[in-house]
Amino acid sequence: MVAGKTVCLRQLSRGNRALEVRFNRFLGHDKVTVDRIIESWSNSTGPAVEGRHVLAIQDTSEIHFNTTPQRRRGLGEIGKGNNHGVLLHPLLAVDADDGSCLGLLSGQIWTRAGRRTTSHDDRELSDKESQRWISTAVAARPLLTKAAAVTVLGDRESDIFALYASSAKQHFHVIARSMHDRKLADRSSLYEASDAMAAVDQRMIQLPARAARPARLAHLELRFGAIELARPQNKFLHHLPKSLPLAVVDVREINAETGIEPLHWRRFSPLTRSPASRTPGASSNGTSSAGSSSSSSAS
């Protein structure tokens with residue numbers, strides 16, 4: 001399918017009816033499941049990660065199928081509900097030193113039966129699609145036991161308090177992009193705290209062109225610090241710590257031209273709490289061990 005750049009069995013068999021039937025029988029066998037396929041693809045990744053600093057990168061893709069209501073065969077809603085297909089959430093291992101792809105670690109594939117009527121806040125994490133950011137990383141842990149270090153990377157959807165809380169237990173680092181403003185343990189807000197951090201460096205970078213953005217030279221400013229993130233006020237999260245120490249790396253564009261939306265990236269990474277710093281509500285800005293985190297490029 002990768003080499004042929006298609007998932008259509010008829011096209012893959014190139015007119016060989018017997019081969020097409022064999023493909024169908026293989027994929028239709030009871031023992032050929034999504035979990036077994038992912039497991040077989042990830043078996044070789046374990047030896048490949050040994051002794052390396054592994055970036056475990058995860059994201060979700062919507063696979064759209066052009067079809068009709070009569071031929072959807074279990075495909076679910078994607079996007080805003082006007083298209084149908086499946087959702088794919090893989091976790092890939094990449095060598096942090098040379099950028100080489102080491103293989104698949106774990107993943108999930110699912111479809112949506114329809115829109116949920118129960119409020120997002122009234123459902124447990126296990127009943128939300130966002131649980132995939134945690135369960136996919138946890139499922140990969142047995143393959144990563146011989147890695148020198150593991151850093152789990154995710155975009156804004158992985159900005160989840162429970163993921164930060166689980167990182168220490170699972171013995172991996174997490175770097176996630178901030179999705180929205182959050183309350184801190186001292187009742188201030190994340191955005192207020194990051195705005196108050198001192199700028200420590202500036203740099204010019206060349207931004208490549210995107211669909212709605214021409215290429216341009218951007219003047220960026222870096223600031224970082226440590227915060228104490230408060231647990232969200234949700235009845236399903238009471239078993240988690242009341243607050244967590246996080247490093248924040250804030251990269252923002254300054255002196256942007258009129259009419260251009262300036263760039264602004266915020267990254268989170270949990271910090272290891274030392275015995276001397278376990279005072280609830282403690283927060284700081286400026287210099288801290290947050291400098292060990294780094295901002296990634298624009299997504």
Side-chain angles (χ1 to χ4, degrees), residues 1-2 5-9 12 23-43 45 55-94 101 103-144 152-167 170 172 174 176-177 179 232 234 236-237 299:
M1 291 180 179
V2 175
K5 298 181 180 180
T6 180
V7 295
C8 177
L9 299 185
L12 289 172
F23 279 150
N24 269 301
R25 288 176 177 172
F26 172 76
L27 294 175
H29 197 281
D30 292 342
K31 293 184 178 181
V32 180
T33 65
V34 170
D35 290 341
R36 292 292 298 275
I37 292 174
I38 292 176
E39 180 184 355
S40 67
W41 284 349
S42 59
N43 280 340
T45 309
L55 302 181
I57 304 173
Q58 55 180 332
D59 203 358
T60 304
S61 297
E62 296 180 337
I63 312 301
H64 173 218
F65 288 86
N66 290 316
T67 185
T68 63
Q70 295 77 22
R71 296 174 58 87
R72 283 176 185 158
R73 293 175 293 182
L75 297 177
E77 293 183 359
I78 59 173
K80 296 182 179 179
N82 54 342
N83 292 314
H84 287 77
V86 300
L87 293 106
L88 169 66
H89 187 86
L91 181 68
L92 299 177
V94 174
C101 183
L104 179 70
L105 288 166
S106 62
Q108 295 183 29
I109 299 174
W110 74 99
T111 59
R112 296 185 181 126
R115 296 290 167 175
R116 301 296 298 270
T117 57
T118 305
S119 170
H120 189 269
D121 292 336
D122 292 334
R123 285 183 279 139
E124 294 193 45
L125 181 61
S126 59
D127 193 32
K128 301 175 183 178
E129 284 191 358
S130 54
Q131 61 80 31
R132 67 191 184 275
W133 297 96
I134 301 174
S135 59
T136 302
V138 172
R141 189 59 203 161
L143 296 173
L144 295 166
V152 177
L153 301 177
D155 205 356
R156 290 180 295 180
E157 285 186 85
S158 66
D159 178 12
I160 303 171
F161 188 87
L163 175 62
Y164 304 139
S166 69
S167 63
Q170 300 300 328
F172 53 65
V174 170
R177 183 181 175 190
M179 175 175 277
N234 185 299
F236 298 113
L237 301 179
S299 56

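These values consider heavy atoms only, across backbone and side chains, with no hydrogens, waters or symmetry-generated copies.
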Query raised in the report: Could you give the distance from CG (Leu87) to CD (Glu77), rounded to the nearest 0.5 Å?
Result: 11.0 Å

Report task. Would you please test Leu91 and Ile57 for side-chain contact (heavy atoms from CB on, under 4.5 Å) and show each step? Result -> CA-CA 5 Å; Leu91 181 68; Ile57 304 173; 5.8 Å; no

Report summary line: In short, Gln131 meets Ser126 closest at the heavy-atom pair CG-O, 4.2 Å

Report task. Would you check if the side chain of Asp159 reaches a backbone N or O of Met179 as a donor-acceptor pair within less than 3.5 Å? Result -> yes

Report task. Tell me, yes or no, whether the heavy-atom count around Arg156 atom CZ, taken from other residues, nucleotides or ligands under 6.0 Å, exceeds 12. Result -> no

Requested in this report: Give the C-alpha distance, both sets of side-chain angles, the deciding distance and a yes or no for side chain to side chain donor-acceptor pair (under 3.5 Å) between Gln108 and Ser135.
Outcome: CA-CA 9 Å; Gln108 295 183 29; Ser135 59; 2.7 Å; yes

Query raised in the report: Is there a donor-acceptor pair under 3.5 Å between the side chain of Arg141 and the backbone N or O of Gln170?
Result: yes

Query - More than 12 heavy atoms from other groups under 6.0 Å of CZ on Phe65 - result: yes

**Report entry** Reported CD1-to-CG distance for the pair Ile63 and Leu75, which is rounded to 0.5 angstrom
**Finding:** 11.5 Å

Query - Residue pair Leu105 / Ala140: nearest heavy atoms and the distance that separates them - result: CB-CB, 3.7 Å

Query raised in the report: Could you state the interatomic distance from OG (Ser166) to CZ (Phe172), rounded to the nearest 0.5 Å?
Result: 4.5 Å

**Report entry** side-chain contact (heavy atoms from CB on, under 4.5 Å) assessment of Phe236 paired with Leu125
**Finding:** CA-CA 8 Å; Phe236 298 113; Leu125 181 61; over 6 Å; no

Requested in this report: Find out whether Leu88 and Thr60 are in side-chain contact, i.e. whether some heavy atom of one side chain is under 4.5 Å from a heavy atom of the other.
Outcome: no

Query - Rounded distance [0.5 Å steps], CG in Leu237 versus CG in Asn234 - result: 4.5 Å

Report task. Show your working on side-chain contact (heavy atoms from CB on, under 4.5 Å) between Leu92 and Leu104 and close with a plain yes or no. Result -> CA-CA 5 Å; Leu92 299 177; Leu104 179 70; 3.8 Å; yes

Requested in this report: To the nearest 0.5 angstrom, please state how far the CD1 atom of Ile37 sits from the CG atom of Leu27.
Outcome: 6.5 Å

Report task. I would like to know whether Glu129 and Arg112 meet salt bridge (Lys or Arg N to Asp or Glu O under 4.0 Å); could you show each step before the answer? Result -> CA-CA 10 Å; Glu129 284 191 358; Arg112 296 185 181 126; 2.7 Å; yes

Query - Spacing of CG belonging to Asp59 relative to OG belonging to Ser61, to within rounding of 0.5 Å - result: 6.0 Å

Query raised in the report: Which class fits the ring pair Trp133 and His89: parallel under 30°, tilted 30 to 60°, perpendicular over 60°?
Result: perpendicular

Report task. Begin from the C-alpha positions of Val152 and Gln58 and carry the test side-chain contact (heavy atoms from CB on, under 4.5 Å) through to its verdict. Result -> CA-CA 8 Å; Val152 177; Gln58 55 180 332; 3.4 Å; yes

Report task. Could you tell me which non-hydrogen atom of Leu12 sits nearest to which non-hydrogen atom of Phe23, and how far apart they are? Result -> CB-CE1, 4.0 Å

Query raised in the report: Are the side chains of His64 and Ile78 in touch, meaning some heavy atoms are under 4.5 Å apart?
Result: yes

Query raised in the report: Within the side chain of Ser42, is there an N or O that forms a donor-acceptor pair under 3.5 Å with the backbone of Thr45?
Result: no

Report task. Identify which one of Thr136, Val174, Leu163 satisfies the side chain to side chain contact (heavy atoms under 4.5 Å, CB included) criterion when paired with Ser158. Result -> Leu163

Report task. Taking all non-hydrogen atoms of both residues into account, name the closest pair between Arg123 and Asp127 and its distance. Result -> NH1-O, 3.0 Å

